[in-house]
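I have placed the structure first, in the form of C-alpha cells, so that the comments after it can refer back to it.
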Amino acid sequence: MQLLNIKDLDIQGKKVFIRCDFNVPLDEYNNITDDRRIRSAVATINYCLDQDCAVILASHMGRPKGEVSEKYSLAPVQLRLQQLLKRDVALAIDVVGEDAQKLAAALGAHEVLLLENLRFEKGETKNDEALAQKLADMAEFYINDAFGVSHRAHASVEGITHHFDVDHMAAGFLLQKEIQFFGKLLKQPVRPFAAIVGGSKVSGKLQALINLLPKVDKILIGGGMAFTFLKAQGYDVGNSLVEDDLLDEALKVMDEAKRLGVKFYLPVDVVAAQTFSEDSVSKVTSAQEIPSGWMGLDIGPATVRLYRIVLNNVQTVIWNGPMGVYEMERFARGSNKIAHFVADSYSTSVVGGGDTADLVQRVGVDEEMTFISTGGGASLELMEGKVLPGVQALIVEEES
Ligand code: AMP
C-alpha cells in the first residue's frame, strides 16, 4: 500500500496542519513518563519547519469526553515539544475557539502552534463535519502523522481529509513508517513467526487473534485474557479476570488454531493473589489449581521457561499486551523475563500497544527491539487486515 508522501507536496512557506498522536502517559505530578510518541513526530515537524512552514499541531490526550479539563491539558506536551524542537511552541487555550483561530491566522514561517486537546471538543470523536471544517480552514495542507489514532474515524483524522485534495494532504514520516513496516511484516514474515498476546481482555484482541491465526506459526497467550481460554477448557480459575460471554469464541479460536496447525500456548502456572493489590498475599500455583477466591495476576516461572523454549527458534515475533499486571512490581516478573528474552534474541521483534511499549521501556530493553509501534489499537486493526479510516484517504490510487 502506497501513501501520499509529504515529500511530494509543495509546502514551501505554507501553513501546515499536522495531526499528531501526543497521547502520552503522565504520572501523578503531570510528568510525561514515556515521550516516545512526541519524539516520533519530530521528524515530520522539523521537515515542515525546514520548508519554512507555519506549523499547527493537534492531538488528543486521554478521554476528557468533550469537557474542558486542566487534567487533560496538553501543557506538558507543549513543554516537551519545546525541548525537543529547541524553539518556542505556543499553546492555544482552545481547539477551534477564538484563541486558536487568532493564533493560527497570525502564525508565521518557522512558528509552531499547538492546539488544546482535540477531545475538549465533543465533535472530535463523533467525526463532526463542522469541527472537521473548522480545523481544515486553519491551514493549506493537512498531514496525518498520528498512527496511534488512525483506526478512529474522528474529525481531525478522517473528517478533515474531505477538505483537502491529494495535492494538499499526505502521511507524515511516522505514519508512513508504521504502515510500511506492518505491511511488509504481515506479507512476508521470516518464519517461524510467533505472536505473544496478552493484556487484560480477550474482547479487545479477539478479531486480531482470529486474523493472526492464518499468518503465524505459534501464539503464546498471557495476561488476564489467558483465563477466559483456561476457563473455556474447563478449568476453575477462581476470581481471575474472565469474560464469560466469550468462552465459546475462545474455544473456537483454539479449534481454529488446531485446524490450521498453529501451536497455541496457554500459561501452565500463574502468580495468584488474594486481592488485586501490590501488597496482597500471593503464591505460584499451576493454572489448574488456582485456589477459589484467588486471582491470577502474572504468568508463573514454569510458563516463563516454557515460553522461552517455544520462542527459541522463532525468527519473527509480534508482541501486544503484557503477561501480567506489570504496573505492580510483584506481578511484573513474567512480563520482564519475556521482555528480556525477546530483546536478547536475534529475531525481528515488534512491540505494539501503549502498555507493552511502556513495559519494555521500564525494563530498559526498548532499544533492543526491532520496532516499537506507537499504536496499539491501530497495529491490531492492521493485523485484522483492515484499512484504517484515517489512512483511507491517503492511499495512492494505483493506475489500472
Ligand atoms: P490491554 O490494554 O488489554 O493490553 O491490557 C493491559 C492491562 O492488562 C495492563 O494494565 C495490565 O495490568 C492488565 N493485565 C495484565 N494481566 C492481567 C491479569 N492477569 N489480570 C488483570 N489484569 C491484567
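Start at 1 and go down the list; that is how both ligands and their atoms are numbered. In this chain, numbering begins with 1 at the start of the sequence shown. The analysis underlying the following values was restricted to heavy atoms, covering all of them including side chains, and did not include hydrogens, waters or symmetry mates.
- By the 3.5 Å distance cut-off applied to N or O atoms, Tyr326 is not counted among the residues near ligand 1.
- When Glu129, His168, Lys134 are each tested for a side-chain hydrogen bond (donor to acceptor under 3.5 Å, both in side chains) with His163, only one passes: Glu129.
- Salt bridge status for Asp358 with Arg362: present, with a side-chain N to carboxylate O gap under 4.0 Å.
- Heavy-atom distances between Phe227 and ligand 1 reach below 4.0 Å in at least one pair.
- Ring geometry for Phe371 against Phe182 counts as perpendicular: the plane angle is over 60°, on a 0 to 90° scale with 30° as the lower cut.
- Electrostatic pairing of Arg19 and Glu124 counts as a salt bridge here, judged by a charged N lying under 4.0 Å from a carboxylate O.
- Between Gly224 and ligand 1, at least one N/O pair is under 3.5 Å apart.
- Ring geometry for Tyr307 against Tyr265 counts as perpendicular: the plane angle is over 60°, on a 0 to 90° scale with 30° as the lower cut.
- Taking only nitrogen or oxygen atoms, main chain and side chain alike, Gly296 reaches within less than 3.5 Å of ligand 1.
- Summarising the local packing, NZ of Lys14 is surrounded by more than 12 heavy atoms from other residues, nucleotides or ligands at distances under 6.0 Å.
- Taking atom 22 (N) of ligand 1 as the reference point, the nearest protein heavy-atom neighbour is Val325 CG2, 3.7 Å.
- The single protein non-hydrogen atom nearest to atom 11 (C) of ligand 1 is Glu327 OE1, 3.5 Å, given as residue, atom name and distance.
- Using a 30° and 60° split on the angle between ring planes, Phe173 and Tyr47 fall in the perpendicular class, above 60°.
- The protein heavy atom nearest to atom 2 (O) of ligand 1 is Asp355 OD2, 3.4 Å.
- In the vicinity of Lys205, heavy-atom distances shorter than 4.0 Å reach the ligand 1 atoms 1 (P), 3 (O), 4 (O).
- Atom 8 (O) of ligand 1 has its closest protein heavy atom at Ser200 N, 3.1 Å.
- Under the 4.0 angstrom criterion for non-hydrogen atoms, Gly204 is not in contact with ligand 1.
- Of the heavy atoms in Met225, none comes closer than 4.0 Å to ligand 1.
- Using a 4.5 Å heavy-atom cutoff, the side chains of Val157 and Pro389 are not in contact.
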